[in-house]
Amino acid sequence: MAGGIKFSHVKPYHEVTRTVSDCGNGHHVSTVLNDFSMEMTGKDVEKVENAAGVIPRGTRINVTFLENEDLTMRVNAAAAVKRLGFTPVPHISARRLKSQEMLEEFLTALRAIDATESVFSVGGDPAVPMGPYEDSLAVIESGVLQQYGVTDISVGGYPDGHPDIASEVLWSALEKKSAALSRLQIPGTVITQVDFDVDRVLSWVAEVREHGVEMPIRVGVPGPASVKLLLGFASRLGISTSATIAKKYGLSVTNLLGKAGPDRFIRDLAAGLDPGKHGTVKLHFYTFGGFKTTAEWISNFSL
Ligand SMILES: NC(=O)C1=CN([C@@H]2O[C@H](COP(=O)(O)OP(=O)(O)OC[C@H]3O[C@@H](n4cnc5c(N)ncnc54)[C@H](O)[C@@H]3O)[C@@H](O)[C@H]2O)C=CC1
Ligand SMILES: Nc1nc(=O)c2c([nH]1)NC[C@@H]1CN(c3ccc(C(=O)N[C@@H](CCC(=O)O)C(=O)O)cc3)CN21
């Protein structure tokens, strides 16, 4: 793997900010790494504090809405992100909301710490909605978000499809969310599910544009982690990973304790991007328990 994974010698913040030049492959290559976003859970607060020095100020940090965490953990995580000088992007899981009151209680707590500007509106894993919101669109169209100061909404994207949702349903949902955001004049972004197959991601991004969806797309990439952990998450999230895809990504299935980083994936993505065909494309790093490791990896990585 060219460049390898470097975990030591973390650069100070001023060196982390990247400039667009001499990357060899043209303008779009360097912009793919500019303004990346990251993801944390409510359990990651200390890791984010420890990694803060290597993350550019203002970086968007998503706060997941997991089943085993509660409002206090989610809001405390958003507060830590804010305090450290980053932009919190709390997740709102439509199907996990038991009532409109639950949504408003969450937004009230977020507004008290000035963390409602940007949210990620997602369907949620429960097979049956726990309350009034069937999907992400229902939350967006409820009008509740805007009442609490939400001015920017991101939504999910699935280059590899979704194990429980038919492809036509996913495409129609994406088109409807894009149309609703345009109608409401709310800027949107698509954040994609993890996918180890860069070719599938590139063709999916082009297809999104063919469907008339023009929002920026943040391609979801896992930070460096053991092969075992990555494959475990892939299987839990229903992401297909054939031997060919694993090999292309640099995942050695015969060395589960070995580490795999997104080096090759990001280089191949950057090399394959054509702004005329793909529009604005950035990166979103999933950290799966390794927030600090991921932040350090990003600050040491160059294309
Ligand atoms: N993209 C990502 O990073 C993440 C994705 N997910 C999961 O992806 C799924 C889809 O989320 P969105 O794109 O926001 O869809 P969405 O809320 O826009 O819904 C699209 C369509 O799929 C149906 N649907 C939504 N969730 C479902 C589920 N769990 N089981 C069966 N049908 C469902 C909806 O009724 C709707 O017809 C959810 O299960 C969500 O939890 C969760 C967290 C992060
Ligand atoms: N379908 C789906 N549901 C999700 O919730 C989801 C996605 N897709 N796509 C990616 C992101 C990242 N997801 C996650 C899910 C769990 C942890 C996590 O840390 N879970 C455990 C510890 C790790 C483990 O079980 O090995 C935890 O205790 O929170 C992190 C990110 C949530 N997101």
Side-chain angles (χ1 to χ4, degrees), residues 1-5 25 28-29 31-33 36-39 62 122 125 154-171 173-174 189-211 213 215-256 258-275 277-288 290 294 297-298 301 303:
M1 203 178 298
I5 303 170
N25 241 344
H28 51 285
V29 173
T31 52
V32 78
L33 264 170
F36 59 85
S37 52
M38 300 181 70
E39 193 160 306
N62 288 44
V122 71
D125 289 315
S154 35
V155 298
Y158 305 86
D160 183 30
H162 186 288
D164 304 320
I165 309 172
S167 166
E168 319 82 76
V169 175
L170 284 176
W171 281 116
L174 182 60
T189 304
V190 178
I191 302 179
T192 76
Q193 177 67 293
V194 181
D195 189 347
F196 297 108
D197 186 348
V198 73
D199 297 317
R200 192 159 60 195
V201 171
L202 282 165
S203 53
W204 180 84
V205 172
E207 213 178 329
V208 170
R209 303 312 181 203
E210 283 158 22
H211 280 259
V213 174
M215 294 182 260
I217 296 177
R218 288 185 176 274
V219 171
V221 182
S226 76
V227 173
K228 187 178 172 203
L229 186 132
L230 291 172
L231 292 178
F233 269 106
S235 120
R236 254 169 64 186
L237 302 177
I239 299 149
S240 62
T241 313
S242 69
T244 315
I245 295 170
K247 186 157 181 264
K248 185 165 65 178
Y249 188 87
L251 283 161
S252 167
V253 288
T254 52
N255 180 15
L256 292 182
K259 285 222 166 205
D263 309 47
R264 206 183 294 177
F265 180 98
I266 295 174
R267 289 200 179 94
D268 291 348
L269 179 75
L273 279 177
D274 170 355
K277 186 170 158 193
H278 298 108
T280 301
V281 176
K282 299 181 184 187
L283 293 174
H284 178 76
F285 287 89
Y286 291 102
T287 56
F288 299 132
T294 301
W297 182 91
I298 298 168
F301 181 71
L303 282 160

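When reading the values below, keep in mind they use all heavy atoms of this one structure, side chains included, and skip hydrogens, waters and symmetry mates. The residues of the chain are indexed from 1 along the displayed sequence.
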Could you measure the distance from the CG atom of Leu237 to the CG atom of Asp125? Nearest 0.5 Å is fine. 7.5 Å
Applying side-chain hydrogen bond (donor to acceptor under 3.5 Å, both in side chains), name anything that partners His211, two or more places apart in sequence or on another chain. Glu175
Which residue pairs pass the side-chain hydrogen bond (donor to acceptor under 3.5 Å, both in side chains) test with at least one member in residues 227-241, sequence neighbours excluded? Asp160-Ser240, Arg200-Ser240
Applying side chain to side chain contact (heavy atoms under 4.5 Å, CB included), can you list everything that pairs with Asn255, at least two apart in sequence or on another chain? Ser252, Leu257
Quick one: list whatever passes side-chain hydrogen bond (donor to acceptor under 3.5 Å, both in side chains) with Ser167, sequence neighbours left out. none
Those residues at least two apart in sequence (or on a different chain) that pass salt bridge (charged side-chain N to carboxylate O under 4.0 Å, His left out) with Asp199 are Lys248
Point-to-point distance, once rounded to the nearest 0.5 Å, from NE2 of His278 to CD of Glu207: 11.0 Å
Going by the angle between their ring planes, with limits at 30° and 60°, are Phe301 and Trp297 parallel, tilted or perpendicular? parallel
Aromatic plane relationship, His162 with Tyr158 - under 30° parallel, 30 to 60° tilted, over 60° perpendicular: perpendicular
Thr189: what forms a side-chain hydrogen bond (donor to acceptor under 3.5 Å, both in side chains) with it, not counting sequence neighbours? none
Just say parallel, tilted or perpendicular for the rings of Phe285 and Phe36, cut-offs at 30° and 60°. perpendicular
Rounded to the nearest 0.5 Å, the CD atom of Gln193 sits from the NE2 atom of His284 at a distance of 10.0 Å
